[in-house]
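As structure tokens, the structure follows; a few thoughts come after it.
Computation of the quantities below employed the complete heavy-atom set of this structure, encompassing side-chain atoms and omitting hydrogens, waters and symmetry-equivalent molecules. Along the sequence shown, the residues carry numbers beginning at 1.
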Amino acid sequence: MARSTSSVITLDINGEKHTLPVDHRTTLLDALREHCGLTGTKKGCDHGQCGACTVLLDGRRAVSCLQFAVSAEGRAITTIEGVADGERLHPVQQAFLDLDGYQCGYCTPGQICSAVAVLEEHAAGWPSAVTDDVRPGAGAPPLTADEIRERMSGNLCRCGAYVAIVQAVARAAGSGPRTGRAAEHGAAGGAEVTA
């Protein structure tokens, strides 16, 4: 008797249950886009190298092109469509808009999902490769431009909007410029982050 190569799974996506039949080889990315109609998550390289498909699994970053949909069953999946609180944008989304943290916009959903997780990881005191003091109990390092760049390094932007992306993440964390265009012209705000 041949083994089945498909299953009916239930995915918890943005707080809603989605039951769908999938081939066991279906990636989470393809399940989101093709089976659930959630096209905000983008297919970039399809090899886990560009970050365009980044989603949150139980609050942690994951490249959905390398994750099988069947392995995401029972986990909380958050896509770009679920980051906002109704009509109220998440602070990361608002900062990206205010500071032009995008150009063509293709990588933006993955950038935003990654940035949301970066802020959680930083707040929890997780070190990065550029963190000076990684001793337990050292607390969260200052969220400098170097820290942000390192933590966001898995997300590529072919347009080169990195300067604004770093500033947007800093603003969302409460350490960046407080006003969009005014900050570019030297107006007072939060601590200025230079990329």
Give a yes or no on this: more than 12 heavy atoms of other residues, nucleotides or ligands lie within 6.0 Å of atom OH of Y106.
yes

Checklist entry - Would Q67 and V63 satisfy side-chain contact (heavy atoms from CB on, under 4.5 Å), going step by step from the backbone distance to the final call? => result CA-CA 7 Å; Q67 178 88 28; V63 285; over 6 Å; no

Assigning hydrophobic clusters by single linkage (Ile, Leu, Val, Met, Phe, Trp, Tyr; side-chain heavy-atom cutoff under 4.5 Å), is L143 placed with I112? yes

### Query
Is the number of heavy atoms from other residues, nucleotides or ligands within 6.0 Å of CG (D133) greater than 12?
yes

| query | Any link between V83 and L32 through a network of hydrophobic side chains (Ile, Leu, Val, Met, Phe, Trp, Tyr) touching at under 4.5 Å? | reply | no

Scanning both residues in full, the closest heavy-atom pair of R75 with S71 reads CD-O, 3.8 Å

Between C53 and the options L28, T41, L66, the side-chain contact (heavy atoms from CB on, under 4.5 Å) test singles out T41

Is L29 reachable from L20 through a run of I, L, V, M, F, W or Y residues, each pair having side-chain heavy atoms under 4.5 Å apart?
-> no

- Item | In one Ile/Leu/Val/Met/Phe/Trp/Tyr side-chain cluster, 4.5 Å: F68, L11 | yes

Nearest heavy-atom approach of S64 to T27 is O-CB, 3.8 Å

S114 and M152, any side-chain heavy atoms less than 4.5 Å apart:
yes

In this structure, OG1 of T108 is separated from CD1 of I165 (nearest 0.5 Å) by 7.0 Å

OH (Y162) and CG (N155) are apart, to the nearest 0.5 Å, by 8.5 Å

*Does I13 belong to the same Ile/Leu/Val/Met/Phe/Trp/Tyr cluster as L56, with side-chain heavy atoms less than 4.5 Å apart forming each link?*
no

Original post:
Do V118 and V92 pass the side-chain contact (heavy atoms from CB on, under 4.5 Å) test, and can you show the C-alpha distance, the side-chain angles, and the key distance before you say yes or no?
Top reply: CA-CA 11 Å; V118 160; V92 171; over 6 Å; no

